Amino acid sequence: MLEIQSLDVRIPAEIIHNWGWFLAFGIGLVLLGILAIARAVAATVISVMFFGWLLVIAAGIEVAQAIMVGKWAGLYHHAWIALALDLRSLR
């Protein structure tokens, strides 16, 4: 009726060779998570500021793309996205 098939998983040699770095990265992320929970207000402010700056940078990229597009039909599309990203970052 039901057949159980084995899953053949092949781990690349690079991952096996660098497993210590993956472990250290995981431990570091756990420690950062604990710190973020302990300092929830500061972590919230920092993450909101980071996301706001990402939106400002994305809006700048959209403005640059709108200028590079020139008289193409997508000009207004890029301009509206840049405006929307800028307005969202101001909230």
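Position 1 is the first residue of the sequence, and the numbers go up from there. Note that the structure is predicted; figures quoted are calculated from it, not measured.
- Under the 4.5 Å side-chain heavy-atom criterion for grouping Ile, Leu, Val, Met, Phe, Trp and Tyr, V45 is connected to V56 within one hydrophobic cluster.
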Under 3.5 Å, which donor-acceptor pairs link side chains of residues 32-43 to any protein atom two or more places apart or in another chain?
none

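- Here CE of M68 is found 10.5 Å from CD1 of I61. Values are rounded to the nearest 0.5 Å.
- Applying the under-4.5 Å side-chain rule to Ile, Leu, Val, Met, Phe, Trp and Tyr, the cluster around F22 extends to L7, V9, I11, I15, I16.
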